[in-house]
Amino acid sequence: MHIPDGFLDARVWAGAAVMSAGAVGYAVRRTKEVLDDRQVPVMGVMAAFIFAAQMINFPVAPGASGHLLGGALVAILMGPWTATLLMTTVYTIQALIFQDGGITTLGANILNSAVIAPWVALWGYRALKRVTGDGAAVFLSAWLSLVVAAGAAGVQLALSGTVPLGVVLPAILGWHMLIGIGEGLITGVAVRFARQNLPPALDERWV
Amino acid sequence: MCMTADPMVQGGGETVLHRVEARIKVVAMVTFVILTAGMSATPYLLAALGIIGLLAVIARMPVRLLAGRLALVVPFSVLMLVVLPFTVPGEGVALAELGPLALVATREGLLQAQVLALRLANGVLAASILTFLTPFPVLMNALRGLRVPPILVTLMEFTVRYLFVLADEARRMQLSRQARDFRPRGFLWHSWTMSTLAQMVGVLFIRSYTRADRVYQAMLARGFSGHQPVRAGARVKASDLCWGIGITAAALTLRMMEVGGGMWLQLLK
Amino acid sequence: MAAVIEVEDLYYRYRDGTQALQGLTLTIPTGARVAILGPNGAGKSTFLLHLNGIYLPQQGKVRLLGRSLDGKNARWAKSQVGLVFQDPDDQVFAGTVWEDVCFGPVNMGLDAGEVERRAGQALRAVGMEDLRTKAPHHLSYGQKKRVAIAGVLAMSPSVIVLDEPMAYLDPRGKDNLLAILTRLHRDGTTVVVATHDVDMAAEWAEKVIIIKEGRTLAEGSTDLLTDPALVEAAELRFPVVTQIFRRLGNMLPPPHPKRVEEAAQYLRTLLEGHHK
């Protein structure tokens with residue numbers, strides 16, 4: 001879901017940029033209050049982790065594969081504000097250095113994947129945990145976070161007049177409901193594994 | 001994500017454009033992209049592409065590199081470009097028959113796809129010229145100079161530094177699984193494949209986390225206290241400003257001509 | 001010889017309950033080449049992190065140049081004791097070699113001129129001055145190791161501590177590193193190495209300290225490495241040179257040599273005696 005330059009109308013990308021700048025600015029301040037500046041190196045390495053984890057592909061359907069996005073994974077393991085900063089870092093590097101995702105659309109891409117996705121994952125996880133149990137809650141919230149974020153991207157494309165909503169929404173939602181299963185499964189197993197295996201001296205900061 | 005395109009590899013020698021102060025380059029390129037991403041008349045978009053081409057020539061950027069960047073464009077956009085002509089309502093101009101499915105391409109849809117493809121090319125190429133001209137550490141310092149929150153810049157520096165280390169680790173894990181005959185099989189519902197891959201992600205998380213802690217401790221060992229001093233950037237020279245203004249003005253002129261042209265046409269009606 | 005570091009009855013317990021150090025006591029003489037050996041989990045890494053104040057004693061004392069380490073002088077300790085971590089990727093974090101080597105001196109609050117002078121000198125000392133603008137991920141493992149050492153040398157410490165310095169180096173890389181360590185020692189720096197490599201310890205060290213289960217099992221000369229009871233207790237093995245002489249058993253009377261040069265001398269004497 002890297003929307004490239006030119007696919008969003010100026011009002012839409014500017015609006016999304018303002019919103020995500022607000023959220024990221026708040027995350028920066030929150031992180032300074034909750035964690036001290038000294039945790040920055042740890043967060044930096046973990047942002048690199050997201051990048052590396054996104055390189056692991058899983059098969060989705062004949063001829064198609066998907067990869068983990070990781071927003072739900074870090075939101076559940078390291079908290080939503082940290083997740084926002086880490087995902088923002090990853091998406092900015094992808095746009096700036098690898099030209100994956102546009103420069104004007106960076107705000108929208110951050111809004112979808114670094115703000116909406118982690119927060120939907122966290123809220124979903126908290127709400128579902130009591131009803132479905134922990135494992136299912138992780139799976140469902142990770143799935144949901146991907147679908148909602150993709151839906152947001154679809155709405156932004158439609159608002160820009162790039163594609164009619166009736167066309168883009170079913171397509172983008174359908175595809176992400178499918179790869180969301182992969183996101184959910186991998187997040188579920190990885191979260192459980194990480195919780196069981198994190199050295200106890202390390203996990204007190206976030207988990 | 002293609003890791004073979006190493007962002008740190010600097011192309012060729014020093015040209016006039018390489019020497020332009022980094023902050024100016026960033027601002028000029030971002031402005032250029034903002035202005036051209038909003039254009040919708042093919043001739044002007046082509047003219048913008050011409051400016052990019054001119055800059056690429058001045059910067060002595062290899063054509064191979066430019067083409068490579070374009071080829072990397074995410075499948076998402078390509079898919080959209082293919083779908084568009086058949087989904088945007090309008091006057092039908094072409095028919096594609098896929099078995100029982102008959103798809104009608106509309107003139108409006110084709111035009112839309114063409115405009116989006118041109119804008120996309122403008123954005124990708126402008127950004128890739130920027131990274132070609134500016135070594136990563138310099139680019140990051142420029143962002144600091146442009147008041148991007150220092151914590152984000154530091155995070156980006158760490159990410160790029162450890163990206164290669166962790167990607168290597170992931171690759172080694174993948175290889176050692178392949179060595180024991182693991183290969184992704186079936187699809188999403190193939191539980192063996194999915195649980196193996198998920199555990200790899202889990203292991204990578206743990207390894208990254210413990211590595212992060214070691215990195216942090218190694219920094220403490222050299223007296224790190226949470227603050228990293230800001231390095232001073234180079235001074236902006238008049239010639240730097242000229243380049244910046246030149247690039248921005250060229251894009252702005254095109255944009256104004258496009259808007260003006262539109263108004264002119266309306267007046268004629 | 002005066003001691004640069006004295007450790008007295010040191011205890012350290014992690015939050016998960018692991019008791020890593022339980023009454024560690026040892027002395028590191030000024031200007032010496034010291035090897036610390038011990039099986040995995042003996043508490044070596046925990047101990048090393050005490051040497052420059054990253055961990056502070058929960059119980060017991062660490063005295064550096066006569067001053068007992070605590071929260072107040074931990075920063076000073078970092079400029080006096082340089083730690084070189086096992087994996088250079090853990091340590092060399094900055095975008096370029098030059099920035100990484102400047103990191104320590106900048107943290108010490110030195111002015112720009114002094115930072116540059118020290119960084120330049122440190123890079124020359126490890127033979128990396130030509131690669132100062134390189135990004136670390138473009139360097140070989142051995143080169144990264146040398147940058148990690150330069151990053152510590154730039155802080156001009158009186159003691160330099162290396163955790164498993166020879167691991168993963170190719171033969172040439174090992175020779176380079178040994179040459180660097182020898183030069184450092186010659187210039188008056190105390191060099192401490194934590195390692196599993198008994199051959200390196202036998203060849204290189206003046207003093208050997210053996211740790212097990214968070215306590216000092218023995219400290220003394222490299223002769224400790226040929227003591228069968230100690231080698232058994234510390235889960236070590238004999239240096240290769242010693243193994244050969246032990247195989248020959250009663251034919252050759254102890255003390256058995258442990259270094260290549262010693263062995264050559266031993267054989268030379270033996271052969272000369274034979275030819276007479």
Side-chain angles (χ1 to χ4, degrees), chain B residues 3-10 14 18 22 131 134-144 153-172 207-233, chain C residues 45-46 48-55 74-112 115 133-139 141 144 148 150-155 157 160-161 163:
Chain B
M3 292 302 311
T4 47
D6 187 335
M8 253 54 82
V9 170
Q10 282 307 301
E14 283 271 299
H18 281 89
T131 46
T134 325
F136 180 74
V138 179
L139 184 61
M140 290 297 111
N141 218 18
L143 292 185
R144 273 202 191 87
V153 182
T154 309
L155 282 178
M156 281 192 262
E157 287 171 331
F158 267 99
T159 305
V160 168
R161 166 67 183 92
Y162 284 100
L163 173 57
F164 296 93
V165 176
L166 297 183
D168 244 20
E169 220 155 303
R171 209 169 294 130
R172 280 201 302 273
R207 286 202 194 171
S208 309
Y209 205 116
T210 45
R211 164 146 353 238
D213 215 61
R214 292 197 304 271
V215 169
Y216 176 51
Q217 273 180 343
M219 289 174 74
L220 287 184
R222 285 195 282 161
F224 177 61
S225 58
H227 303 284
Q228 270 186 292
V230 184
R231 292 150 296 179
Chain C
S45 302
T46 311
L48 298 187
L49 292 172
H50 276 88
L51 287 180
N52 75 351
I54 292 184
Y55 287 179
R75 267 198 76 193
W76 166 78
K78 289 178 179 99
S79 66
Q80 290 301 321
V81 179
L83 276 188
V84 180
F85 288 69
Q86 177 175 350
D87 184 346
D89 275 323
D90 291 342
Q91 189 167 339
V92 181
F93 72 94
T96 63
V97 167
W98 178 255
E99 278 175 59
D100 195 85
V101 178
C102 290
F103 178 73
V106 170
N107 286 329
M108 290 167 73
L110 302 173
D111 64 68
V115 168
T133 58
K134 285 267 183 199
H137 67 267
H138 283 148
L139 302 179
Y141 189 88
K144 279 191 259 193
V152 161
L153 289 184
M155 300 174 78
I160 176 165
V161 181
D163 191 3

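Each chain gets a letter, A, B and so on, in the order its sequence line appears, and its residues count up from 1.
Neither the backbone nor the side chain of C/M108 comes within less than 4.5 Å of any heavy atom in chain B. Heavy-atom distances place no part of C/A74 under 4.5 Å from chain B, backbone and side chain included. Using a 4.5 Å cut-off between heavy atoms, C/L49 touches chain B through its side chain atoms alone. For a residue to count as touching a neighbouring chain, one of its non-hydrogen atoms must lie under 4.5 Å from one of that chain's; by this rule C/N52 touches chain B with the side chain only. When heavy atoms are compared at a cutoff of 4.5 Å, C/V92 approaches chain B by way of both its backbone and its side chain.
Heavy atoms from other residues, nucleotides or ligands lying under 6.0 Å from CZ of C/R75 number 12 at most.
Note: C/H137 and B/F164 have parallel aromatic rings, judged against thresholds of 30 and 60 degrees for the angle between ring planes. Between C/F93 and C/F103, the ring-plane angle classifies as perpendicular under the 30° and 60° cut-offs.
For C/E99 and B/R161, the salt-bridge test fails: no basic side-chain N is under 4.0 Å from an acidic carboxylate O. Under the 4.0 Å criterion applied to side-chain N and carboxylate O atoms, C/D100 and C/K144 are not assigned as salt-bridge partners.
Ranked by heavy-atom pairs under 4.5 Å with chain B, the first of C/D87, C/D90, C/T96 is C/D90. Heavy-atom pairs under 4.5 Å with chain B peak, among C/P157, C/G151, C/A77, C/G82, at C/G151. When each of C/V84, C/D89, C/I54, C/L51 is checked for heavy-atom pairs under 4.5 Å with chain B, C/D89 comes out on top.
Although no hydrogens or angles enter the test, the distance criterion places no donor-acceptor pair under 3.5 Å between the side chain of B/T134 and the main chain of B/T131.
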